[in-house]
Amino acid sequence: MSEVSDSSRILQTLKAKAMLLIQREREVYALRLGRERMMAWLQAFHRVSASGYTKTGASICSEWAAAMITELHFQTSVVFQHDPRTGNLTLLHGQSHGPLEGKLSLGESSRRLLRDQREGVFSRSDDPFQIALAQDLGLQRFLWFVFSEKEGHEILLAAGVAAGVAAAQGTISEDDLLYFTMLGRHVAALTTNSNLIAELESATRRLQELFDHMRQAIVSFDASGSVGSVSSRQAKVLFGRENLEGCHIRDLLYPGAAEYDVDAASFTDWLDLVMHAPAADWPSYEPFAPREVAVQHSDGATVPLELEFRPLVRDGKVAQIMALATDVSRARSLERAVRSHEAEHTRRVAAMRRLIAGGPQVFLAFVDSARGRFERCESVLHDHARLLPVESIDELFRHIHTVRGEARAFDLVELEEATQRLEVDLDDLRKGARSNGRALTESASGRLQTALSAARKALEKGCEVLAAASPAGAAVFDQVTVPRTALRDLGAYAAQGPELLTSLVARLSSVPLGVVSAGVAESVGGWSALEGKAVTLHVEPRELLIPEALARALPGVLAHLVRNSIAHGIEVPAERRDLGKSEQGTIRILAEESAAGIRVIVQDDGRGLNADRILERAGVRAGQAANATELVFQPGLTTRDEAGMLAGLGVGLDAVRTELSRIGYNASLSFAAGQWTRVLLAPHGSNEAE
Amino acid sequence: MPIFAHSCASYNVNSFETGAELARNIRNAFAGRPLPMIVAYSTVNHDQAAFLSGIREGAGPGIRVVGCSGQGVMSRGAVVEDGYAAGAMGLGGESLHTSIGHVEEFQVESGAKGTALGRALVDGAKAPLRAVVVHYDPLCGADVEVFLKALHEEVRCPIVGGAAGEFWGPMLQTFQYVDNRALSRGAVAAGLSGNFAIETDICHGTSPVGIEMTVTKAEANKVLEFDGRPALEVWQEFCSEAPEHIEHSGAIGIGLPTRDPDVYLVRCAFGVDTERQGVIFQAGIPVGSRVMFNHRTIQGAMDGTVAMGKRLAQRLTGKTVRAVLGFECGARTKPFLGKDLTLKENLSFQEAVAPQAEWLGMLAWGEVSLFDGNPGFVNFSYPVLALAD
């Protein structure tokens, strides 16, 4: 029998789907977070650059300090003038959520650190020099950058979290240090270099460096849509062009788009609108920008790009727009995989639903029909071993195609694949038959026979899977669903009729042992977990038919007995290990037919009964004759001091005997101390000795 | 006017000034009406102590303050989850009375702390409590459900609220506000009493992924095994993450069934115990509980909020909504829905429920609302409290 049941396959599909969903979510969040941080640095870069056109060195530093707070959301940003000889610090600019100290002094350790390390991030607590600097500046978790002024002074830029504030500012990343340093150099160049052309050139270089570091494509374009000289390295890759300068942004986002292409035309209209509107209106127009485009490269590959646009404002107008494009191929591919898993899951669930709704006979009807179709196919092949008429090929096609469709409905993947291979062979044959007459070569005939045989095997394997998955085992193939009222009427009629009919009706109303014990089997895991034990339940033979009356009583009886076994009999894993037993306890529900009727045994491999304890609990004094195996059936007797989740109220075995007596059955118990406990359920008056 | 409320938000950088500006704004709007309490939220970029001092400066003496730090702050027309955001709402008027309480170190004897807080609220109230707003530290390891149960035993009225938060990412420290103090490892609450109408509701944004498991070993709010397997191993299998990265961003939670077949109490991991291979939640999950793995979905979150808006609007028909307090899970908003969708979700919701009402909310790291008539703790959700005449 196959170990792989349908339910475990569904579980695997679900797990795969869940993991894909989580993976996609993380991917999207990481992209979003990374992009936002980069955009924040770019905004800061732009802000400082823009101030360079009109402002003095001091104002540029002030702009930098403001950008660190409003764009990057640091808690504190400070610009100090530092005298390296004295260590004196004078606060030139600063922003924070609280007051800042105007005059500070750096100790020798801090001065030495700044001399050797002009830029850095303080995050470690084991570097005494860094700790000294953090203490001197009154900051915790911060970035710093130092550059020299003309007069021999130094300017120290620092941003981070103020000391003494129990704030939860996120970790400062390696990327942050890189961007911080680039921006620091930019500030240094703008404030110390009087040559404007050289400043702008160096700013362009630094912007290029910054762009190239990013994983997303960045291009900036002006009012005419023309792309500027600075684009990220990634932009060249994602847009599939080596030289982007001077290209029209429309051509990059919609390459090869016709004049009347609606999306491209809408984008052009939007561009025209935002470039001529006041910058303050940007928030109103931005939502109408395209969010995603699919760019086709010259090699035919299509890359989905998620877009974001940011304005670069000058004099109240949008002077340029930065377009940020993120390759979302991987996210899309994950989404496709999720959808495919969802479809697969839906298909499997639908197949199970069909089985549950229609009962196994729906599947059995398909099996009978498929077997018939395969037999007919074999007969056709046998009759036309060397010459196969086109109409016979068509008939084969019909049979195989029908089986394939039904196999898919029942999720029989192997059968579906086998019949698909047969269809391919038949198709080849049909083409050959139409062009070369009706010849069927030996090799073709052999191939068809082999494929047909594989399909038959796949069908039988499907039957095995059903039997393995069904609580009734192989008996499922002998089951049929009938109206209960009709069966009751038939029983009443049979009671007056001949013996054979009575017995037949009794069989019809009986239920396989596997079905009767299905509820217990499902609960064993939870019950044993409650007791901290590991237990396996075996039910044998699952196919054995249990008469209606016993079948009604057994689920409750078995539940009592199995719970008792778990609570009292089976030892905890550590104890079993010490006793040389397997850590996993075993409970068996065994049934057999006897002349007097069905006998059921519930046996565990636990510790057996503690006879002394039972006698003591029952109040039996020394010398009194009493049998522990009978006393346990007394109402209210339990060996537990306190009732647990599974046992301890002393009602279990009493309830079992009462329930069974109603249907003419009795329960008797035997045990071997330290080895096993066995409860036999047998009809009254039968030979109950085992 | 029986009850009066005024809310405002500020994105000022200076923490003291922010608090003072908000409180002054509220005081001016109240124009002499009774103002017993201000509810305040802020992001952790702010110096929390300075922020509260600012509120005291602006509000003057005698006005009680309660609130917490959040992953973000919601106000009328805005949801801000980064940088400097703060919001406050003054609650008062002729017929709304308030009482405030707090407990510290509430991870120790959480049940007793819940009882103490409940008694403080009841003792301080002028009339039977109608609703309680609660905030607490989700990082101290307290069993929130034990705490809530004890609190509810005392106050006997709907409890809503949210766990204090900070920016999305590493979980370091959260703050709970009571008057001039910013606590950590504490719980604060405000009791509302008087003659007014209240409505609470909650929406969820998750759907089960179809995998059911049984909690086979657990200690308080630490699950050690699912179906006999180490809980951390199972969690890692789903999240494909190293243990140190498994926390509320793990994107998956476990759902405990309620009496309503469509509602699961979804809880996500708030930490791991690598030594014992356990996963830590904000509330205990008893051994034997059947749980279903749940995952947030964008559609689920958006549809849930729309449906909640319709329900609330219907229940509030004919009443004048004065104030709404919202506590949206921080794992739903920017990290999941993104900035734009979060704003869209909240603007539509505000429009649907009470376009004219005062509005304040925080992005929480765990939510509290009513389930089956009792207060329950849940993640990935959005509970709200509406006050109306």
Side-chain angles (χ1 to χ4, degrees), chain A residues 10-26 28-30 32-33 36-37 40 66 69-77 95-99 161-162 164-171 286-287 291 341-342 345 349 523 525-534 645-646, chain B residues 11-18 43-51 69 82-84 165-175 182 184 208-212 214-217 225 227-228 237-241 245 249-252 287-288 290 293-297 334-336 338-340:
Chain A
I10 288 175
L11 199 66
Q12 280 169 9
T13 312
L14 286 171
K15 268 188 188 169
K17 181 182 148 195
M19 287 164 72
L20 276 169
L21 281 166
I22 292 163
Q23 205 180 332
R24 180 187 60 171
E25 199 171 296
R26 281 190 174 280
V28 168
Y29 180 62
R32 188 182 289 153
L33 201 69
E36 277 195 7
R37 194 69 180 160
I69 301 293
T70 53
E71 309 295 347
L72 276 311
H73 302 142
F74 288 115
Q75 282 185 321
T76 299
S77 63
Q95 289 225 359
S96 181
H97 51 205
V161 181
V165 174
Q169 175 78 36
T171 315
E286 194 273 339
R291 294 282 171 225
H341 274 269
E342 267 170 353
H345 174 229
V349 168
S523 304
W527 291 341
S528 44
L530 284 174
E531 295 284 321
K533 296 172 182 176
M645 296 290 280
L646 292 187
Chain B
Y11 309 104
N12 189 339
V13 170
N14 187 293
S15 306
F16 181 86
E17 282 174 15
T18 300
T43 55
V44 292
N45 250 0
H46 275 299
D47 181 327
Q48 304 285 296
F51 173 62
S69 62
D82 41 30
Y84 295 83
E166 46 161 297
F167 291 126
W168 185 256
M171 297 186 288
L172 302 170
Q173 189 177 14
T174 70
F175 304 92
S184 286
V209 298
I211 298 166
E212 203 180 22
T214 303
V215 175
T216 47
K217 196 171 179 187
E225 283 182 8
D227 281 350
E237 191 175 290
F238 277 99
C239 301
S240 311
E241 282 289 341
H245 293 135
S249 62
I252 200 153
V287 169
R290 297 286 286 171
F293 274 82
N294 274 249
H295 181 266
R296 349 183 249 265
T297 62
K334 186 172 145 191
F336 182 61
K339 214 171 178 174
D340 294 346

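Labels below follow one simple rule: chain letters A, B, ... track the order of the sequence lines, proteins then strands, and each chain is numbered from 1.
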Exercise. Which heavy-atom pair separates B/N45 from A/Q75 by the least distance, and what is that distance?
Worked result: O-NE2, 2.6 Å
Problem set entry | Spatial distance of atom CD (A/E71) from atom CG (B/D82) [nearest 0.5 Å] | 11.0 Å
Exercise. Looking at residues at least two apart in the chain, or sitting in another chain, which of them share a salt bridge (Lys or Arg N to Asp or Glu O under 4.0 Å) with B/E17?
Worked result: none
Problem set entry | Nearest heavy-atom neighbours spanning B/Y84 and A/I69 | CE1-CG2, 3.5 Å
For this session: Applying side chain to side chain donor-acceptor pair (under 3.5 Å), name anything that partners B/S69, two or more places apart in sequence or on another chain.
Result: none
For this session: Let me know if B/Y11 has heavy atoms under 4.5 Å from chain A in its side chain, its backbone, both or neither.
Result: neither
For this session: Please flag which part of B/K217 lies under 4.5 Å from any non-hydrogen atom of chain A: side chain, backbone, both or neither.
Result: neither
